[in-house]
Structure formats: structure tokens, C-alpha cells
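The sequence lines fix the lettering, A, B, ..., with proteins before strands; numbering per chain opens at 1.
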Protein chains: 2
Amino acid sequence: MPDATPLDPEQLAAYFALMEVGNLLQHAVDQQLRDEGGLSFIQFQILAVLSEAAGGRGRMTDVADRLVHSRSGLTYQVSLLAEAGLVAKEASAEDERGVVVTLTAQGRDLLDRVMPGHIEVVQRVLFTPLSDRDVAELGDVLGRIRAHMRTLPPRSAALRRRRGEASRASDKR
Amino acid sequence: MPDATPLDPEQLAAYFALMEVGNLLQHAVDQQLRDEGGLSFIQFQILAVLSEAAGGRGRMTDVADRLVHSRSGLTYQVSLLAEAGLVAKEASAEDERGVVVTLTAQGRDLLDRVMPGHIEVVQRVLFTPLSDRDVAELGDVLGRIRAHMRTLPPRSAALRRRRGEASRASDKR
DNA sequence: TATTGTTATACTCTATAACTATA
DNA sequence: TATAGTTATAGAGTATAACAATA
């Protein structure tokens with residue numbers, strides 16, 4: 001192990017635990033979603049994000065930023081969902097470049113159908129060993145981390161930025 | 001949204017936050033690892049798990065279970081690492097079926113070289129908005145969740161189990 | 001008979017770059 | 001000139017099933 005570490009062992013352990021827990025949990029729910037709904041976890045996330053949004057709709061780039069997708073990757077996934085009739089795409093009224101994705105009734109139904117089993121898995125795998133107080137603490141800390149992360153440059157901006165930097169040859173740091 | 005929910009809103013929010021934070025963080029560190037070490041996050045995890053283990057070595061199945069991999073997937077990744085000279089594979093002494101993977105000096109060097117930048121990213125993305133107390137709490141709760149998850153049937157066992165059940169036709173539930 | 005690990009294969013997902021169209 | 005989104009393409013990763021070898 002390296003020596004000059006600005007990250008103390010407690011932080012490193014928390015970081016590794018976070019990654020392991022996240023991966024194991026994702027794997028468990030992915031299994032459930034495929035078995036019961038024919039959905040990948042990412043497709044479920046897209047549906048869930050839309051269902052939380054006002055009007056069950058959102059713009060492509062906004063969704064991509066929240067779900068760690070390249071825009072082409074999101075196009076791909078949303079196309080699959082649209083083929084399955086779970087979402088619908090329309091041109092944005094305000095900005096004709098934009099595309100608004102809307103959850104269909106069918107999509108909402110599928111979400112409702114999948115949710116109970118989904119929640120059962122999350123309950124069993126994630127929350128069983130936690131007290132109510134633990135859950136509150138966890139939610140609080142993770143919420144603050146998420147808020148912080150959202151202040152960092154988003155993925156779509158990072159791409160544009162990088163392209164921009166490359167073309168500005170005079171911008172040597 | 002479904003109605004009969006045994007998962008209260010606070011739990012659901014914590015669950016979604018966990019997934020979003022995990023994905024965003026993984027994306028950030030994956031970028032750093034590829035840029036500075038030519039490693040995917042999973043390859044890094046394999047090296048890290050080995051470096052933590054006694055003697056810098058471990059058995060294939062054990063590593064696979066910790067890292068949420070099918071065994072064939074681990075074979076693939078370990079092969080890549082072995083080609084790159086970062087790990088070495090030997091037949092197990094006790095169990096001739098088994099394969100023991102060992103971190104090479106080169107692998108340790110790469111880990112050391114990549115760690116400072118890695119830790120910088122984790123520090124910046126994950127820990128910036130947290131107090132020491134937050135870190136302690138987070139580590140504690142996540143550690144307990146991980147311990148709980150490890151008591152659940154591991155991936156390799158699940159596969160065997162499933163195969164076993166299918167062959168036992170009398171085992172109708 | 002069960003378990004370890006590998007191989008072959010097929011598939012899913014993702015990102016990059018080039019492109020179109022609108023702001 | 002910059003941004004939204006799509007497409008084509010190519011590559012990485014994963015899992016499944018069949019297999020060989022050992023317990």
C-alpha cells in the first residue's frame with residue numbers, strides 16, 4: 001500500500017464499503033427487475049426518474065446527467081423503452097432542438113407491477129440490519145453527498161468542455 | 001407510484017441516493033484509473049482486494065464472490081491482468097482444482113502509482129462535504145450492511161444452488 | 001457427485017466521432 | 001458559434017452453457 005495518503009484508513013474503508021454495497025445491491029435488484037419486468041436497472045432508473053419528475057416527463061440531457069450516461073447511451077436506452085411502449089418522445093415546445101421523454105400509462109403500470117418485488121429485495125438486502133435512526137443518518141449523509149456531486153461539472157458539460165479546450169490551442173494552462 | 005409500499009419514503013430516498021452516489025463516484029474514479037493507470041475500476045478492485053489479502057494472494061472464487069463477478073468474468077479480467085504482468089496465477093497447493101492469484105511486484109507498483117490520484121478524486125468527489133463524524137457514521141452503517149450482505153448466499157453458491165434445484169424435480173415448493 | 005476454473009459464444013451496453021438541425 | 005440529439009461503429013464487459021480435471 002502507498003504511504004503518502006491524504007485519505008485516512010477510515011475514509012478508505014468507507015469508500016470501499018460504499019462501492020461493494022452499491023455493486024452487490026445493484027446486482028440483486030437488476031436480477032429482480034429482469035425476472036419480473038424484463039428491465040435492466042438503468043431502464044428502471046430512467047422510468048423512475050421520469051415518474052418522480054413533474055408530469056412524468058423530462059429532457060434527454062437532464063436525464064442523462066442524473067444517470068451517468070453519455071447522450072448516445074441514453075438515446076439507445078430510451079429507444080428501447082420507446083419500442084416497448086413504456087415511454088414516448090416528443091419534440092420540445094420551447095426549444096425545437098430538445099426532446100422530451102414522457103412516461104406512458106403502460107410504463108407507469110410496469111413500474112407499479114415491478115415495485116413490490118423490487119422493494120422487497122431492497123428491504124431484505126439493504127435495510128434489514130439497519131435501525132430507523134441508521135436509515136435517517138444514511139439518507140442524510142448520502143443526500144448531502146449527492147447534492148455536492150451535482151454541483152460538480154456534469155457529464156454532458158465535461159464532454160463539451162473538453163472539446164472546447166482542445167479546439168482552443170491558445171488555452172495552454 | 002405504487003401504493004402498498006412496505007418501504008417508507010425515507011428508505012426509498014436513501015436507496016436512490018445510494019445508487020446515484022455509487023454510480024457517479026464509480027464513473028469518476030474509473031476515468032482517473034484509465035487515464036493514469038490503464039485500469040478499469042474492476043481491475044483496480046481485483047488488485048486492491050489482493051493487496052489487502054494476506055500475502056497479496058487469493059483464490060479465484062473468493063475474489064469473484066467479493067467483487068460481484070461470474071467466475072467466467074473473473075477469469076477474463078484476471079487473464080488481462082496476468083497478460084499485463086500485474087498478477088500471477090498458480091495452481092493451489094492444497095486443492096489442485098483451485099487457482100491462486102498473486103499480486104506481482106509490478107502490480108503493487110502500479111497500485112502505488114495510481115493511488116495518490118485515486119485518493120484525490122475520492123476526496124474531492126465523495127468526502128468534501130462530510131465532517132469526520134459523518135465519515136465515521138457512514139463507514140459504520142455501510143460496514144454493517146456489507147457484513148449483512150456477506151451472510152446472504154454468495155453469487156457462486158446461487159448459481160450452484162439454482163442448478164441443483166433444477167435437477168431435483170421432487171423439490172417442488 | 002459436486003466443485004473449480006476455463007473456453008466458446010452471444011449479447012448488452014457504452015463511448016467516440018461525425019452529422020443534422022436549431023438557438 | 002454553441003447546443004440537442006441521433007447514428008454508425010467499434011470495443012469492453014458479462015453471462016450462459018458445455019467442458020475438463022480434481023475432491
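The nearest whole Å value for the distance from the CG atom in B:L33 to the P atom in D:dG13 is 12 Å. B:E90 places its CD atom 15 Å from the C1' atom of C:dG5, with the value rounded to the nearest Å. Atom pair A:D30:CG and D:dG13:P shows a separation of 18 Å (rounding to whole Å applied). In this structure, A:D35 atom CG and D:dT16 atom P are separated by 10 Å, rounded to whole Å. Atom CE of A:M60 and atom C1' of C:dT22 are 16 Å apart (whole Å). Between A:L80 atom CG and C:dT14 atom P there is a gap of 10 Å when expressed in whole angstrom units. In this structure, B:H69 places its NE2 atom 15 Å from P of C:dG5, rounding to the nearest Å. As rounded to whole Å, 13 Å separates atom C1' of D:dT3 from atom CG of A:D65.
Partners of A:R146 by side chain to side chain donor-acceptor pair (under 3.5 Å), not counting sequence neighbours, listed by chain and number: B:E20. For B:A53, there are no side chain to side chain contact (heavy atoms under 4.5 Å, CB included) partners two or more places apart in sequence or in a different chain. Residues satisfying the side chain to side chain donor-acceptor pair (under 3.5 Å) criterion with A:R113, sequence neighbours excluded, are absent altogether. The side chain to side chain donor-acceptor pair (under 3.5 Å) check on A:T75 picks up nothing, with sequence neighbours excluded.
At the heavy-atom level, A:L74 lies nowhere under 4.0 Å from the strands shown.
B:S72 contributes a side-chain N or O that forms a donor-acceptor pair with the base of D:dT16 under 3.5 Å.
In this model, the phosphate group of D:dA12 is not approached by any side-chain N or O of B:R34 to a distance below 4.0 Å at OP1 or OP2. In this model, the phosphate group of C:dA15 is approached by a side-chain N or O of B:H27 to a distance below 4.0 Å at OP1 or OP2. Under 4.0 angstrom from either OP1 or OP2 of C:dG5 there lies no side-chain N or O belonging to B:K89. Of the side-chain N and O atoms in B:S40, one or more sit less than 4.0 angstrom from OP1 or OP2 of D:dG13. Listed pair A:S70 / C:dT14 fails the phosphate criterion, with no side-chain N or O lying under 4.0 Å from OP1 or OP2. The phosphate of D:dG5 has OP1 or OP2 within less than 4.0 Å of a side-chain N or O from A:T61. Between A:Q43 and C:dT12 there is no side-chain N or O to OP1 or OP2 distance below 4.0 Å.
Around CG of B:D132, the count of heavy atoms belonging to other residues, nucleotides or ligands within 6.0 Å does not exceed 12.
Listed by first and then second residue, the ring-ring contact (aromatic ring centres under 6.0 Å, His included) pairs involving residues 32-67 of chain B are B:F44-B:H118 (not counting sequence neighbours).
Listed nucleotides: C:dG5, D:dT14, C:dT14. Nearest to the side chain of B:Q77: D:dT14.
If you check the side chains of B:T128 and B:Q123, you find no donor sitting under 3.5 Å from an acceptor.
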Give me the distances for all protein-to-nucleotides 20-23 of chain D N/O pairs that come in under 3.5 Å?
{"residue": "D:dA23", "atom": "OP1", "partner": "B:E96", "partner atom": "N", "Å": "3.1"}

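A single hydrophobic cluster is not seen to contain both A:V100 and A:L47; linkage of ILVMFWY side chains at heavy-atom distances under 4.5 Å, directly or through other members, places them apart.
The nearest heavy atom of DNA chain D to A:G98 and to A:Y76 marks one nucleotide each, and the one closer to the 5' end goes with A:G98.
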